[in-house]
2 protein chains.
Amino acid sequence: MNLLHGLDGMDRRLLELLRQDARRTNASLAEELGIAASTCLARLKALRASGAVRGFTVDVDPAALGHGLVALVSVRIRPGARHRMEELFDRLRGLSGVQQVFFLGGEDDFLLHVAVADSEEVSRFVLKNLSADPAVAATRTSLVFRHEGGERPW
Amino acid sequence: MNLLHGLDGMDRRLLELLRQDARRTNASLAEELGIAASTCLARLKALRASGAVRGFTVDVDPAALGHGLVALVSVRIRPGARHRMEELFDRLRGLSGVQQVFFLGGEDDFLLHVAVADSEEVSRFVLKNLSADPAVAATRTSLVFRHEGGERPW
DNA sequence: AATGAAATGTTGGGGTT
DNA sequence: AACCCCAACATTTCATT
């Protein structure tokens, strides 16, 4: 798939505008880019089709959903369960409260970004979903005081 | 601000639909929710105004942007520089290649999610932006093999 | 690839219950 | 809060370059 070579400067400018506001109308994007609306639409379609654009989503304040506590949980898997990494990844990413899962090479095997109501719930989350699993060797939980993402300058 | 109490079941369903596709038209959202388009629009505006919805963004494949390597870098700050945490946070989140910054309570102080071209670039990133800073006591870099986010079931 | 034009679809403010 | 209306606006297809 043409990921690198299909991306010219106009595509990058388009992605940057969409990063700032994914709900802008095609007409307004086209105007700012100085191209015809139909051209802009064709480019966005091509970016979707090539897989460069995976989707569009909404950034919701976790607190608004009753998630007063955000944490990172690193997970180490037992040597004997290493062959189940793919399966474990899929299980972890389906758990309630899990926002992101990173599958790592290094000391730890997974890092979970979780959002829950309070400290009681994060402890329940770790005990029930992780510690109770025989594949899990160890976990380490860190509180997230502040989190920023999505405003990277490409 | 009314974050918790302004969120009823319909709001949550609306957010879930937008999470799946933030570029869906208001009319299509309203139809699936079984409410009038104007009502749906009013709810979305209210969610934006209350801060529950922070924005809409596009999910771009890092590889399409030439970022063949994704890593997590945890950063420990020297005890003598702890009073500069806020300032450090803002500096880190502005660095080129940084996708997310977590400010943590626990063993490490920050976790950076970075996307760069290759391993040469991640090493340059750490040496130039982190190790060279006198406030930084230690860093630890892990490769990200796989990353999923944004499909959490609220 | 990019364009303009035309048919079709969507938006969002105002007025109403 | 929710609804309907509808003029203004946006989208998308297609023939053309």
Side-chain angles (χ1 to χ4, degrees), chain A residues 1-67 150 154, chain B residues 1-68 150-151 154:
Chain A
M1 208 146 286
N2 225 9
L3 287 180
L4 268 172
H5 308 291
L7 267 195
D8 62 7
M10 191 62 81
D11 286 324
R12 286 170 184 267
R13 287 174 61 204
L14 174 55
L15 291 177
E16 171 56 21
L17 294 180
L18 285 168
R19 190 187 58 72
Q20 289 168 26
D21 178 8
R23 276 187 76 83
R24 273 185 76 166
T25 65
N26 181 65
S28 134
L29 294 166
E31 190 189 355
E32 182 153 351
L33 295 172
I35 58 181
S38 50
T39 306
C40 188
L41 188 70
R43 276 181 178 268
L44 186 47
K45 275 190 157 175
L47 288 169
R48 265 179 163 297
S50 77
V53 165
R54 296 194 280 216
F56 303 95
T57 193
V58 58
D59 177 16
V60 179
D61 184 344
L65 295 163
H67 295 153
W154 288 322
Chain B
M1 212 150 282
N2 226 11
L3 288 179
L4 266 171
H5 308 292
L7 267 195
D8 62 8
M10 191 62 81
D11 287 324
R12 284 168 186 268
R13 288 174 59 206
L14 174 55
L15 291 177
E16 172 56 19
L17 294 179
L18 285 168
R19 189 187 60 71
Q20 289 167 29
D21 179 8
R23 276 187 75 83
R24 273 185 75 165
T25 64
N26 182 66
S28 134
L29 293 165
E31 190 189 355
E32 182 153 350
L33 294 171
I35 59 181
S38 51
T39 306
C40 188
L41 188 70
R43 276 179 179 269
L44 186 47
K45 275 192 156 177
L47 288 169
R48 264 180 164 299
S50 77
V53 165
R54 294 194 279 214
F56 304 95
T57 193
V58 58
D59 178 17
V60 179
D61 184 346
L65 295 163
H67 296 152
E151 36 239 284
W154 292 320

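Within every chain, numbering begins at 1; the chains are lettered A, B, ... in the order of the sequence lines, protein sequences first and strands thereafter. No hydrogens, no waters, no symmetry mates; every other heavy atom, side chains included, goes into these values.
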Between C/dT3 (P) and A/Leu41 (CG): distance, integer Å:
13 Å
Grab the CG-C1' distance between B/Asn26 and C/dG13 for me, whole Å please.
13 Å
Whole-Å distance between C/dA2 C1' and A/Lys45 NZ?
15 Å
Are the charged groups of A/Arg13 and A/Glu16 less than 4.0 angstrom apart, N to O?
no
For A/Glu31 and C/dA2, give me the distance from atom CD to atom P, rounded to whole Å.
18 Å
Quick one: A/Leu14 CG to C/dA1 C1', roughly how many Å, whole number?
15 Å
Distance in angstrom units between A/Arg48 CZ and D/dT12 C1', rounded:
15 Å
Heavy-atom check, side chain of A/Arg43 versus side chain of A/Leu15, under 4.5 Å:
no
Beyond-backbone contact of B/Leu33 with B/Leu17, side-chain heavy atoms, under 4.5 angstrom
yes
Keeping A/Asn26 on the side-chain end and A/Ala37 on the backbone end, is there a donor-acceptor pair under 3.5 Å?
yes
If you define the side chain from C-beta out and look only at heavy atoms, does anything of B/Phe56 sit under 4.5 Å from B/Arg48?
yes
Round to the nearest Å and state the distance from B/Arg24 atom CZ to C/dT10 atom P.
11 Å
D/dA2 phosphate, OP1 or OP2: any side-chain N/O from B/Arg43 under 4.0 angstrom?
yes
Measuring only between side-chain heavy atoms, which start at C-beta, is B/Arg23 closer than 4.5 Å to A/Leu18?
yes
Report the end-to-end axis angle of the helix from C/dA1-D/dT17 to C/dT17-D/dA1; each axis comes from five terminal pairs, and the value is rounded to 10°.
30°
Apply side chain to side chain contact (heavy atoms under 4.5 Å, CB included) to A/Ile35 and A/Leu29, showing your working.
CA-CA 9 Å; A/Ile35 58 181; A/Leu29 294 166; over 6 Å; no
Check: B/Leu47 and B/Leu7 side chains under 4.5 Å, non-hydrogen atoms:
yes
With 3.5 Å as the limit, what N/O pairs link the protein to nucleotides 3-8 of chain D?
residue: D/dC3; atom: OP2; partner: B/Ala36; partner atom: N; Å: 3.0
residue: D/dC3; atom: OP2; partner: B/Thr39; partner atom: OG1; Å: 3.0
residue: D/dC4; atom: N4; partner: B/Ser38; partner atom: OG; Å: 2.6

Is there a side-chain contact between A/Leu65 and B/Arg12, using heavy atoms and a 4.5 Å cut-off?
yes
Atom pair distance, as rounded to whole Å: CG in B/Asp11 and C1' in D/dA1
12 Å
